[in-house]
Amino acid sequence: MALERLFDACEAVGPAPSEDFLARLVADAEALLPPPPLRDRPREPGFGWLARFFAASGLSGAAALGVWLGFVMPDVVGTMATDLAGDDSALLTTFLPGADLAALDQ
Amino acid sequence: MDRHASRTADDADGAPDEALLVAYANGDAAAGRVLVARLGPRLFRYAARVLGDPAEAEDVVQESLLRLWKTAPAWRQGEARVSTWAYRVAANLVTDRLRRRTTRAETALDHAAEPEADLLSAVERMTEAARAEALRRALAALPERQRQAVVLRHLEGFANPEIARIMDIGVEAVESLTARGKRALTAALAGRKEELGYANE
């Protein structure tokens, strides 16, 4: 049939979009791109995450950090505390505000 | 025969459209670029064939894909094919534009049906560009729904059930539109004897 012949001839050949137009479509897609899920976002370089931790946790976070530092860097912390207060007992007092050394011995 | 199945966007070598859309919704820009490369040219070809105007076709395609990106985060997997959804949006936008046109499209000339053999012979002698132009002008003469159905079936290669989903009508309605559209196309082509080069045969 003549019409089928025409369809077959024209099927593969049709109007094509310009490269500029396709680039605009890509730009639209990128403009509306949703953010990736939180777990997939890259970590911030350096200790920016640490600052955000403190901002979120406040005093309790500071206390927890102090205990952690005391365990991982006892020499540094001990030296610093001694320099500040003169004896080793100042270490626990400094990093456990309000705690009584005598109470810990009970 | 479903010619569309042989060149479906679910490439064997790449991810299915739906997987790409989900990836896009999760922040994957490359997935969006692949979807543009797959859907953009196909939607443009369809819209340009029905509207007969590349600039309007660009507007339709751009709006269709904008709606796709906006719906991506809420896309429910398994409910519809991405390409069908995109074509459906494009078809609705095309219909809106056709109905807004104030000037009537070319109407089919009222001629008695010419012998089929003469028409086939004329088509065989035409150049590729002449065939494309003849079909374009004949399509422009069709009522919009017939035009849409004929383009989706015979130029875009969709099967009738898929066309039914795109046009939001029943399968029987698609069959009726394509049958009437083909009869009208044949009449329109027959009405252009001089252009087709068989007026004096």
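As the structure is a prediction and not an experimental result, all values here were calculated from the model. The analysis underlying the following values was restricted to heavy atoms, covering all of them including side chains, and did not include hydrogens, waters or symmetry mates. In what follows, chains carry the letters A, B, and so on, assigned in the order in which the sequence lines appear, proteins first and then strands, with residues in each chain numbered from 1.
The distance from atom CD of B:Glu58 to atom CG of A:Leu22, rounded to the nearest 0.5 Å, is 9.0 Å. In this structure, the separation between CZ on B:Arg136 and SG on A:Cys10 is 11.5 Å, given to the nearest 0.5 Å. Rounded to the nearest 0.5 Å, atoms CG (A:Leu25) and CG (B:Leu35) are 11.5 Å apart. Atoms CG and CG, from B:Leu185 and A:Leu6 in turn, are 8.5 Å apart once rounded to the nearest 0.5 Å.
Counting heavy-atom pairs closer than 4.5 Å to chain A, the top-ranked of the candidates B:Ala48, B:Ala57, B:Pro41 is B:Pro41. For the options A:Ala16, A:Ala31, A:Gly14, A:Pro17, heavy-atom pairs under 4.5 Å to chain B are most numerous at A:Pro17. Of all the listed residues (B:Gly27, B:Gly32, B:Ala31), the one sharing the greatest number of non-hydrogen pairs under 4.5 Å with chain A is B:Gly27. Of the listed residues (B:Leu135, B:Asp28, B:Leu66, B:Leu43), the one with the most heavy-atom contacts under 4.5 Å to chain A is B:Leu135.
Contact record, A:Leu3 with B:Lys182: CD2-O, 3.4 Å, taken as the closest heavy-atom pair.
Annotation: side chain of B:Val61 is in contact with side chain of A:Phe21 (closest heavy-atom distance under 4.5 Å). With a 4.5 Å cut-off on side-chain heavy atoms, B:Asn26 and A:Pro37 count as touching. Looking only at side-chain heavy atoms (C-beta outward), A:Asp28 and B:Leu65 stay at 4.5 Å or farther from each other.
Using the six-membered ring where Trp is involved, B:His154 and A:Phe7 have ring planes that are parallel, under 30° apart on the 30 and 60° scheme.
With a threshold of 4.5 angstrom between heavy atoms, B:Val151 does not approach chain A through any atom at all. Only the side chain of B:Pro73 comes within less than 4.5 Å of a heavy atom of chain A; its backbone N, CA, C and O stay farther away.
With hydrogens and angles disregarded, no donor-acceptor distance shorter than 3.5 Å links the side chain of B:Tyr24 to the backbone of A:Pro34.
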